[in-house]
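For reference, the structure discussed in these notes is given below.
In this text, all values refer to a predicted model and were calculated from it rather than measured experimentally. Note: hydrogens, waters and symmetry copies are ignored here, and every other heavy atom, side chains too, is used.
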Number of protein chains: 2
Amino acid sequence: MGRMSALDRKSVLLDAAAAVIARDGVAAASTRAITAEAGMSLASFHYVFPSRDALLAEVIERTLDREFREQSLVAESGLSVEERVYRGFCASLGLLAERPEVELSMFELMHYALRTPGLESLARRQYERYWEAAERIVVETGVRWDRPTYEIAQVVVAMNDGIALAWLATRDTEAALRMAAVATASICGMAVPA
Amino acid sequence: MGRMSALDRKSVLLDAAAAVIARDGVAAASTRAITAEAGMSLASFHYVFPSRDALLAEVIERTLDREFREQSLVAESGLSVEERVYRGFCASLGLLAERPEVELSMFELMHYALRTPGLESLARRQYERYWEAAERIVVETGVRWDRPTYEIAQVVVAMNDGIALAWLATRDTEAALRMAAVATASICGMAVPA
DNA sequence: TGCGGAGTGGGACGATCGTCCCACTCCGCT
DNA sequence: AGCGGAGTGGGACGATCGTCCCACTCCGCA
């Protein structure tokens, strides 16, 4: 590994860690596995990060932040609310089917944070960011709702997570799509007709 | 540790493993930690189980089986469907608040199975048992539904999981109760009025 | 009352873990 | 051109992991 600034190295290590975690799980993301994935020596790790947990904390922030960024309720004009919400769930399912390991590692990271002393607050904060990101999407729809948008957002997140977990465990796409349809109806039941 | 049959020992070890996993997580459930919890020597472990993974597989079956056994939609007469479904979600939330570690370990075990070669099918099978158990409860309500009961059950499980995950991450009980209310309305929207 | 085998304890193996240390290299500045 | 410090590599530390082995105990049956 050639020379590079500590900042670049940090970024490379974070990417490598995310890759290892997605491929082999959090438990397999040892300092050695991460540096090997990044193609650098073991010493470089502690030159940039004080500890493995410090890196994992940053991985959690970075990974979970990227999660919802890729998603947005398709705001094509001419589509009904139901159509847009349903497409949103389907898009989420598409991402899931495309890269199951990534979504699985998302859950793992959350649980790792919940288990690790000093990182519990990180889990809480990240989940609240989930909610905020979802709320932003809910607001973007322009639909009027019969209750606060953040409540809608929380329900969307919960249903999305529940469906994702079910699919990860069973790989039953039909069931997931059915659940998405029910979730859509449930969400849209809270929309106030224009 | 005195003498006991291999079968008793197996049971004691399984209980000890479940306790360690609930308290400290799957990653901390080493053979040493488990045998120490059970108060027996390390050698006894491999006298009963061929490997750590073999024990964990049995822990998964045992633990997840117990999960839904404790739950049932309160079938008190004179209560509306909405009331019963909502109470069911609340009962689930009560269990969650009472022993968060147990529910957290449930998720962890599921993810461990999904990550471990040879145990993926176990995860799938266990989740399908989840569905079956939930369906049994749904059928017990005696309510008529506008679609197959197993579809209702799958939605119930997904919503329950989604709400549980949100609560574990944020410990926001108010939000969880709100989501339970929305989930209830969603479920009951699929009930056919008598 | 022996005796065989099921059950038990403690130690040891090699592998891997997170972390640390120190000698070395090489870029950027004077 | 030389020099200081940021950046790098490889090896080593103690701890812990899963698994194994062997000497030992003691119950149940002949």
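- Per the geometry, CZ belonging to Arg9(B) stands 11 Å off C1' belonging to dA6(C), to the nearest Å.
- Looking at every heavy atom in both residues, Val192(A) comes nearest to Asp146(A) through CG2-N, 3.6 Å.
- The NZ-P distance, from Lys10(A) to dG7(D), rounds to 13 Å in whole Å.
- Between Glu83(B) and Arg87(B) there is a salt bridge, with a side-chain nitrogen of the basic residue lying less than 4.0 Å from a carboxylate oxygen of the acidic one.
- Using a 4.0 Å cut-off between charged nitrogen and carboxylate oxygen, Arg62(A) and Asp15(A) count as a salt-bridge pair.
- Whole-Å rounding puts the Phe45(B) CZ to dG7(C) C1' distance at 17 Å.
- For residues 101-129 of chain B, the ring-ring contact (aromatic ring centres under 6.0 Å, His included) pairs, not counting sequence neighbours, are Phe107(A)-His111(B), His111(A)-Phe107(B), His111(A)-His111(B), Tyr127(B)-Tyr130(B), Tyr127(B)-Trp131(B).
- Annotation for Ala22(B) and Arg115(A): closest pair O-NH1, 3.1 Å, computed over non-hydrogen atoms.
- Listed by first residue number, the stems of DNA chain D with at least three Watson-Crick or G-U pairs below 3.5 Å are C:1-30 with D:1-30.
- Under a 3.5 Å cut-off, the side chain of Thr63(B) and the backbone N or O of Val59(B) do form a donor-acceptor pair.
- Within a 6.0 Å sphere centred on CZ of Arg23(B), other residues, nucleotides and ligands contribute more than 12 heavy atoms.
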Any N/O pairs under 3.5 Å between the protein and nucleotides 11-18 of chain D? List them or say none.
from    : atom 1 : to       : atom 2 : distance (Å)
dA12(D) : N6     : Arg32(A) : NH2    : 3.4
dC17(D) : OP1    : Ser30(B) : OG     : 3.4
dG18(D) : OP1    : Thr31(B) : N      : 3.4
dG18(D) : OP1    : Arg52(B) : NE     : 2.9
dG18(D) : OP2    : Thr31(B) : N      : 2.9
dG18(D) : OP2    : Thr31(B) : OG1    : 2.9
dG18(D) : N7     : Arg32(B) : NH1    : 2.6
dG18(D) : O6     : Arg32(B) : NH2    : 2.8

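- Here Glu128(A) pairs with Arg124(A) in a salt bridge; the nearest charged N to carboxylate O distance falls below 4.0 Å.
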